[in-house]
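This report concerns only the one structure given below.
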Amino acid sequence: MNLVTITLPDGAQREYPVGCTPMDVALSISEGLARNVLAAKVDDKVVDASFEITQNSNLSLLTWNDTDGKQTYWHSSAHLLAEALEALFPGVKLGIGPPIQYGFYYDVDFGDYKFTDADFDKLESKMRELAKTNSAFVRQEVSKSDAITYFEEKGDPYKLDLLKDLEDGSITFYQQGNFTDLCRGPHIPHTGHIKSIKILSTAGAYWRGDEKNKQLTRIYAITFPKKSELDAHLEMLEEAKKRDHRKLGKELEIYTFDDDVGPGLPLWLPNGGAMIEALESYAKKVEREGGYERVKSPHIARESMYLKSGHLPYYKDSMYPPMEIDGVNYYLKAMNCPHHHKIFAATPKSYRDLPIRLAEYGTCYRYEQSGELFGLMRVRSLQMNDAHIYCTEAQFEEEFQNVNALYLKHFEKFGIEKYVMRFSKHDPARLGEKYIDMPELWIKTEAMVRKVLDKMGVNYVEVEDEAAFYGPKIDIQVYSAIGREFTLATNQVDFAQAERFDLFFINEKNEKERPIIIHRAPLSTHERFIGFLLEHYAGRLPVWLAPKQVIVLPISDKYAAYGDEVVKFLKKHDIRASIDHRSEKAGKKIRDAEVSKTPYMLIVGEKEAEANSVSVRMHGGTDLGLMELQQFADRIIDEAKL
RNA sequence: GCCGAUGUAGCUCAGGGGUAGAGCGUUUCCUUGGUAAGGAAAAGGUCAGGGGUUCAAUUCCCCUCAUUGGCUCCA
């Protein structure tokens, strides 16, 4: 008998007959393992547990504890969902049903039927019923013509659309119970593994992600092998809700929206104002040290400027419509760059002046689609931590590197550990349409950017067709504590606008030369950054950022006057302090201060008043005991240092 | 912009064809207390806005606005 050598993840090698399956291997190890095997990885390819191994291979058996195991499990669950849908709603047309980070979805065309939350229970029960049949997922290779015939007979236009792009010889069907789907696989051995099922939500989703196509109903769901895991997952979702910046923003009175002001136009409450001030002080300090100069520009500009910059043709739809003044169109600025370019151009520049770094917390207005608005993360008015660096080609590398270093410095300050730099490049096919038509410059600047990234040794990914219209960019993706991904900051190279604005400096040879421009906004916008920080810190902001750093809690009205003195003293030291004058008991005041997430509570009563001191309690309950007032102030000043 | 859901007091929510309720918060009074909720009373709502059906609409229907889960988009 012919044998194959199977190498397991721990390096152990075993011999099995040719044609053995991962399931055979699992059975030979232990029955318990075999019961839990969902799929397998053979030489880094995820396959069914029934895959026939015909050559020497590396094998890992995948269970629920493996990411690929979960993905396979959820993918199979999507098939189960589809089977249940066909049973309950004969004639539904199925789109695609992939696994996602948590769970899976299936895109479905219900025809005239309106699928709603009310159908969730019914669907869940049907899925449970079908899961219990322990139906095996059976793989079958089919020819393209047979596949087309099958779906033509079934009348499934979406599957036929998918088949168009598939090559004959690579097409497989999977069948479980009465349901057959076009699918590459792999799948779990049988439906019996699927025990706990929850339909989560529905949404509209365009077929193939194209808004010109029909919108299908997307059903989101999740499944688990155990009920306890489903419960844990649902609890995690609840926890995530508690950290949502929209909830915290309301509870901590950071910002609000008002119908009369308009959608996407946040009003910053005093607590939000304090955060903004803290962030700006920090940014200004760092930028001052980095050789930036601060400028200030108006919120509107004539149409001619945006025609010159080239923004208007590209972004007209997402700018607020123009207002006509004295027969001329003015636009609210959606970006600060053109204003800064004009500031650069205002005075003649020598190569000796470069690099010039112009910084501004500029307020911009973007007419985001109504459906895009999302708390503070997507808004229509935004205060940007903006700056533009004008430098020579020789200076570019160092400048660009410094900007990247600045990003890393900020991440450290805010304890941001999880991030990805996304190097966004142009798509040559879209030159002149989405991207400025200067092919050789694209290639040159992209190479320059890549060089810096490689040199710095930061982790980055390259993506096509994501650049700005005027040059390549680096987007910084960060992940909030609740797993939401954001493009927080961006760092862009611009080789086009200097030409358009006729920006130049006089070089060593007494000739005019174009500067390269770097656009950067490492602290994003106040809106997005504060939204992110609220989630990142779960509302428990570090002292330097906390809108209320200290709250004084007099034990009784008798010590109110002393409490006022304490507040006055702290305010003199630029500490954001306030006092709770309600005639409540200390316990109640402490509770309320805890709920408001104030970092420091100062309890003052008889002994504190006598000793010109305060009893210090930190948020969370740590008791620092009695401290001299000055001693406490020093501590806060030190902690709040930028 | 598109598909779906939601909109009742400052907040979180209950209610339901006969013009409204709770808890928290707020104000006042009592209480003057030592590290996560003391007591009482009061104020507070055109039930998002507009239209329709009805003797009667906050409730049912339609439209608009806003929020929201997604899709598309994001200089």
Side-chain angles (χ1 to χ4, degrees), chain A residues 100 105 107 110 114-118 200-220 244 246-247 250-251 253 256-264 306 309-312 314-319 333-338 364 366-375 377-379 382 384 386 424 434 466-471 473 475 486-487 490 492 494 497 519 521 528 553-560 582-595 601-608 615-626:
Chain A
I100 50 178
Y105 65 78
D107 283 347
F110 281 101
K114 256 174 101 179
F115 183 84
T116 66
D117 301 17
L200 295 169
S201 60
T202 59
Y206 302 106
W207 171 240
R208 299 203 148 190
D210 188 336
E211 61 182 323
K212 289 181 199 76
N213 287 340
K214 179 161 183 185
Q215 197 159 39
L216 309 180
T217 304
R218 177 167 295 180
I219 302 173
Y220 284 91
D244 191 303
R246 292 166 297 183
K247 185 171 160 64
K250 194 178 273 180
E251 286 170 358
E253 299 181 5
T256 191
F257 287 104
D258 185 281
D259 280 3
D260 282 328
V261 177
Y306 296 112
S309 73
H311 282 101
L312 208 47
Y314 289 95
Y315 299 111
K316 189 169 202 251
D317 286 347
S318 41
M319 289 174 79
K333 68 172 168 182
M335 68 297 292
N336 301 301
C337 351
C364 299
R366 295 180 182 177
Y367 187 74
E368 301 284 1
Q369 293 184 59
S370 59
E372 290 316 309
L373 300 176
F374 175 72
M377 297 301 187
R378 279 295 284 279
V379 288
L382 29 128
M384 210 187 298
D386 214 353
S424 303
K434 188 176 172 188
E466 290 284 338
F469 76 86
Y470 45 64
K473 63 175 180 172
D475 283 331
F486 296 103
T487 300
T490 135
Q492 303 165 358
D494 178 350
Q497 288 197 63
H519 304 234
R528 188 172 286 196
L553 311 176
I555 291 290
S556 82
D557 294 348
K558 286 184 216 152
Y559 313 106
R582 297 172 306 167
S583 58
E584 294 288 351
K585 296 211 274 195
K588 169 73 167 164
K589 292 186 183 182
I590 286 167
R591 188 193 131 79
D592 289 346
E594 285 285 345
V595 169
M601 286 154 243
L602 303 182
I603 292 99
V604 297
E606 190 176 358
K607 63 178 186 229
E608 288 81 7
S615 286
V616 184
R617 179 194 159 111
M618 294 174 75
H619 175 78
T622 309
D623 190 351
L624 297 180
L626 203 65

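Computation of the quantities below employed the complete heavy-atom set of this structure, encompassing side-chain atoms and omitting hydrogens, waters and symmetry-equivalent molecules. Reminder, nothing fancy here: chain letters follow the sequence lines and each chain counts from 1. This structure is a prediction, so every number in the text was calculated from the model and none was measured.
Ring geometry for A/H311 versus A/Y470: interplanar angle over 60°, hence perpendicular rather than tilted (30 to 60°).
Judged by distance alone with a 3.5 Å cut-off, a donor-acceptor contact links the side chain of A/Q215 to the base of B/C2. You'll find a donor-acceptor pair under 3.5 Å spanning the side chain of A/R378 and the base of B/C74, going by distance alone. With hydrogens and angles left out, the side chain of A/S201 and the base of B/G4 share no donor-acceptor pair within 3.5 Å. For A/S583 against B/U32, no side-chain N or O and base N or O form a donor-acceptor pair under 3.5 Å. Donor-acceptor pairing under 3.5 Å, judged by distance alone, is present between the side chain of A/Y206 and the base of B/G1. Contact annotation: side chain of A/S318 to base of B/A75, donor-acceptor pair present below 3.5 Å.
In this structure, A/K250 reaches the B/U12 phosphate: one of its side-chain N or O atoms is under 4.0 Å from OP1 or OP2. In terms of phosphate contacts, A/K214 brings no side-chain nitrogen or oxygen within less than 4.0 Å of OP1 or OP2 of B/C3. When the side-chain nitrogen and oxygen atoms of A/R246 are compared with OP1 and OP2 of B/G69, one or more of them lie within a distance under 4.0 Å. Considering only side-chain N and O atoms, A/K473 lies under 4.0 angstrom from the phosphate OP1 or OP2 of B/A75. The phosphate of B/C71 has neither OP1 nor OP2 within less than 4.0 Å of any side-chain N or O from A/K212. A sub-4.0 Å separation between OP1 or OP2 of B/G34 and a side-chain N or O of A/R617 is absent.
Between A/Y315 and A/Y306, the distance separating the two ring centers is not shorter than 6.0 angstrom.
Considering only side-chain atoms of A/Q492, the nucleotide from B/G1, B/A66, B/A75 that sits closest is B/A75. Here the side chain of A/Y315 is nearest to one of B/A75, B/U35, B/C30, namely B/A75. When the nucleotides B/G34, B/G1, B/U32 are ranked by their closest atom to the side chain of A/Q369, B/G1 comes out on top. Nearest to the side-chain atoms of A/S615 among the listed nucleotides B/U35, B/G33, B/G1 stands B/U35.
By the neighbour-count criterion of 12 heavy atoms within 6.0 Å, atom NZ of A/K434 is densely surrounded, having more than that number from other residues, nucleotides or ligands.
Using a cutoff of 4.0 Å between basic side-chain nitrogens and carboxylate oxygens, A/R208 and A/D210 are not scored as salt-bridged.
The line from CZ of A/F486 to CZ of A/R378 is 11.0 Å long, rounded to the nearest 0.5 Å.
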Revision key, fill the gap. Secondary structure of RNA chain B per the Watson-Crick/G-U criterion (both distances under 3.5 Å; [ ] crossing, | other strand, . unpaired) is (((((((..((((....[..)))).(((((.......))))).....(((((..]....))))))))))))....
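Each of A/H311 and A/G621 was assigned the nucleotide of RNA chain B with the nearest heavy atom; the assignment lying further toward the 5' end belongs to A/G621. Projected onto RNA chain B by closest heavy-atom contact, A/Y559 and A/T490 fall at different nucleotides, the more 5' of which corresponds to A/Y559.
As judged by a 4.0 angstrom heavy-atom cut-off over every strand, A/E608 is placed among the base-contacting residues.
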